[in-house]
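Lettering of chains follows the sequences in order, A, B, ..., and the numbering in each one begins at 1.
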Amino acid sequence: MNYDFNFKEITYKILSSAVAKAIGEGALPGGVDYPQCRVEYPKEQKFGDTSSSFSLETARLLRKPPMEIGATLKEFIEKHNEIDKVEVVKPGFINIFFSIDYLIEMMKEVTIKDFSFGRCTKEKPRRVNLEFVSANPTGPLNIVSARAAAIGDTIASILEANGDIVEREFYVNDYGNQVELLGKSVLARIREIRGEDSHFPEDGYHGAYVRDIAAHVLENFSEDLGSRMLEKELNDFSSEMAIRFNVERQKQDLEKFNVKYNCWFKESSLHQSGDVSATLKELESKNVIYSDEGKKLFRSTDYGDDKDRVVMRDDGRPTYLLADIAYHRDKIRRGYDLIIDIWGPDHHGYIKRLEGAVKALEYHGEFFVLIAQQVNLVLEGDTIKMSKRLGNFSTMSELIEEIGVDVARYFFIMRSLESHLDFDLALAKKESSENPVFYLQYAYARICSIFREAEKRGIHRDYKDIENEHLKGHESVALIKMILKYPEEIASAAETLEPHKIANYLLRLAQVFHRFYTEHRVLTDDAIKTNSYLFLSDSVRIVLRNGLRLLGISTPEKM
RNA sequence: GCGCCUGUAGCUCAGUUGGAUAGAGCAACAGCCUUCUAAGUUGUGGGCCACAGGUUCGAAUCCUGUCAGGCGCGCCA
């Protein structure tokens, strides 16, 4: 059975059947176009577990005071074992209070399902392709890439938990002018090291890592280098070596960050296979391409773009856009139901033209572009500007070195993707003892500690031998309700592609547990009470663990 | 000039798709450990939700305009 408890769904079913019954018995007028019963979580406990504004919304339609409509509906609701009581309050809200015994029964799913609690399977799972980071292979990954990595990986995990099949993909831009320029920069450094005459390209890459690459090439491939005479050959070789070096390093950085890809897709492969020119032909056959002064342009203005975009230069070389369209055409042909790209903030102007191209190719699935907004790295109150060309950027590996994988991932995931975020490196490090990450992990470690102690004392655990009355205290009830919301949080985060919801949820769960822990001793002389509390604590442990794993954050059993 | 994103407590940010008295963490102040982990907990203070209109039973949320900040506006990738 693949059923997870869901407050809103149950409330919705109860309410809609009450409405139907009320209409059937003439308590509410028929032949009226009723809106759907909307269910919300009220902010305050006194307003119930769930709440509906149905009577407020229909008051005008029915020409009746909301309170009266609420009172009518209440009569048709009350006989459900899920529900403890129904209240109709002030302006006309219908507030529903769930029965604790029922909720405890529902919570038994958690320890039974264990690792699979919060995960669901679909009859028809969507095949999803998620492309993220895709930084140019011209240097080490920076902080924005780190953000995209943490969020992209977590979105993928959340979609998987929600029953979809996800492929994580990295697009390697190993083609074009930038690559050539990188090769020239490396070659110049090689000659410098050898003490030869060298001319460093004007717009070249000045970062220190270019010297590392040069040294690496000299050390391992000086024979290959020596066998090449022509400048062009030397350049190409340097480019190739540099790309290989950088991609390898990016791969390592990402793996250190708990991010693994299913596919590293090379742009150059599209040029070699002829896909780029095939794409142009296909677009031409759809009549969205026209020629102008020897160039070929994509009519992207038909899709809301500011102007039409060149896809083929007058010398016959394709633009980056054409290759990117070819790349997306390839993804489309792989048959995904959903294609998601996560891009940096400097590419938002590019969305319209690519969306247009995807439409022109008549893709039948869904295509989203998410923009990971910029990250300002703040050090002692000063914002550090990042620029690869100038070489004074902070790298992802430096960040991980400084604050660790868990903290870095959590800090990125806890904020929504669109927020421009100030990342205070000094603070993240300095505060590490009072960090939300440690707060979360501490809750988990505390529970593990309880179980270690229980084992030491030889306590026999049996979750069939619990007594509901022990779980009806204020702190216990809060925990039970929080635990039961986990599957809904996953579903919601999956739908909106917002992992920060999970981060916030877990923090709240940890908070409610810490309160429970402070107020109640789990291991006592009362065997049934102990069992009841162990059952509750174990459920919390499972949710915390499942949630943290989803975020790619470790779950230490001791701290 | 045009486009995208942002503007909520001293700071960093949430706000369940339009709901009831706007929240959390950090920072500040005051309490709580002979007990399973005090990396914890309880309480206090802190707000013109950038501003002005509009939409309706109801707006931080939707629409219009203004202001401020960031980014973009290549036949670079």
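Put simply, A/K295 has no side-chain N or O that comes within less than 4.0 Å of OP1 or OP2 on B/rC75. For A/R38, no side-chain nitrogen or oxygen approaches OP1 or OP2 of B/rG58 to under 4.0 Å. Taking side-chain N and O atoms only, A/R446 has a distance below 4.0 Å to OP1 or OP2 of B/rA38. Contact between the side-chain N/O atoms of A/Y41 and the OP1/OP2 oxygens of B/rG23 is not found at any separation under 4.0 Å. Residue A/H500 places at least one side-chain N or O under 4.0 Å from the OP1 or OP2 atom of B/rG15. For B/rC75, the OP1/OP2 oxygens have no side-chain nitrogen or oxygen of A/R317 closer than 4.0 Å. Note on A/S416: a side-chain N or O is less than 4.0 Å away from OP1 or OP2 of B/rA14. Taking side-chain N and O atoms only, A/S419 has a distance below 4.0 Å to OP1 or OP2 of B/rA14.
With a cut-off of 3.5 Å on both Watson-Crick or G-U wobble distances, the partner of B/rA28 is given as B/rU44. With both pairing distances under 3.5 Å, B/rG65 is matched to B/rC51 as a Watson-Crick or G-U wobble pair. Pairing of B/rA60, defined by two Watson-Crick or G-U wobble distances under 3.5 Å, is not identified with any nucleotide. With a 3.5 Å ceiling on both atom-pair distances, B/rA38 lacks any Watson-Crick or G-U wobble partner. Base pairing of B/rU17: no nucleotide in any strand meets the Watson-Crick or G-U wobble criterion (both distances under 3.5 Å). When both distances must be under 3.5 Å, the Watson-Crick or G-U wobble mate of B/rG1 is B/rC73.
Judged by distance alone with a 3.5 Å cut-off, a donor-acceptor contact links the side chain of A/H420 to the base of B/rC5. The base of B/rU16 does not come close enough to the side chain of A/K43 for any donor and acceptor atom to sit less than 3.5 Å apart.
Residue contacts for A/N95: at a heavy-atom cut-off of 4.0 Å it reaches a base atom on one of the strands shown. Across all strands shown, A/Q373 has heavy atoms under 4.0 Å from sugar-phosphate atoms exclusively, and none from any base. Using a 4.0 Å heavy-atom distance criterion, A/K8 is classed as a sugar-phosphate-only contact. As judged by a 4.0 angstrom heavy-atom cut-off over every strand, A/Q511 is placed among residues touching the sugar-phosphate backbone only. Nucleic acid contact for A/E557: base, since at least one base atom lies under 4.0 Å from a heavy atom of the residue. Residue contacts shown for A/E489 are absent, as no nucleic acid heavy atom lies under 4.0 Å away. When heavy atoms are screened at a 4.0 angstrom cut-off, A/A445 is found touching base atoms of the nucleic acid. Backbone-only engagement by A/L421 is indicated by non-hydrogen atom pairs under 4.0 Å involving sugar-phosphate atoms exclusively. Base contact: A/K46 has a heavy atom under 4.0 Å from a base atom. Among the heavy atoms of the strands lying under 4.0 Å from A/R515 are primed sugar atoms or P, OP1, OP2 only; no base atom is included.
Atom CD of A/E57 is separated from atom P of B/rC57 by 11 Å (rounded to the nearest Å). Whole-Å rounding puts the A/R309 CZ to B/rG3 C1' distance at 11 Å. For the pair A/R541 CZ and B/rC36 C1', the interatomic distance rounds to 15 Å; values are reported in whole Å. Atom C1' of nucleotide B/rU16 and atom CG of A/L484 are separated by 17 Å, given to the nearest angstrom. Across the protein-nucleic acid pair, A/I450 atom CD1 and B/rC36 atom C1' stand 5 Å apart, rounded to whole Å. For A/N435 and B/rA39, the CG to P distance is 15 Å, given to the nearest whole Å. In this structure, A/D305 atom CG and B/rG72 atom P are separated by 17 Å, rounded to whole Å. What separates CG of A/D525 from C1' of B/rU35 is a distance of 12 Å, to the nearest Å.
Ring geometry for A/Y350 against A/H347 counts as perpendicular: the plane angle is over 60°, on a 0 to 90° scale with 30° as the lower cut.
The ring of A/Y442 does not lie on top of the base of B/rG40; it is either too far (5.5 Å or more) or too tilted (30° or more). For B/rG40, the base is not stacked against the aromatic ring of A/Y517, per a cut-off of 5.5 Å between centres and 30° between planes.
There is a side-chain donor-acceptor pair under 3.5 Å between A/Y205 and A/Q178. Between the side chains of A/N531 and A/H470, no donor-acceptor pair is found at a separation under 3.5 Å. For A/S300 and A/K352, the side-chain atoms include no donor-acceptor pair closer than 3.5 Å.
The cationic group of A/K331 does not satisfy the cation-pi geometry with A/Y171, failing either the under 6.0 Å distance to the six-membered ring centre or the 45° limit from the ring axis.
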- Derivation and outcome, ring-ring contact (aromatic ring centres under 6.0 Å, His included), residues A/F5 and A/F7: CA-CA 7 Å; A/F5 173 81; A/F7 284 99; 4.6 Å; yes
- Item | Verdict with supporting geometry, A/Y41 and A/E488, side-chain contact (heavy atoms from CB on, under 4.5 Å) | CA-CA 12 Å; A/Y41 289 122; A/E488 283 177 59; 2.3 Å; yes
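Closest to the side chain of A/D422, from the set B/rC36, B/rC13, B/rU42, is B/rC13.
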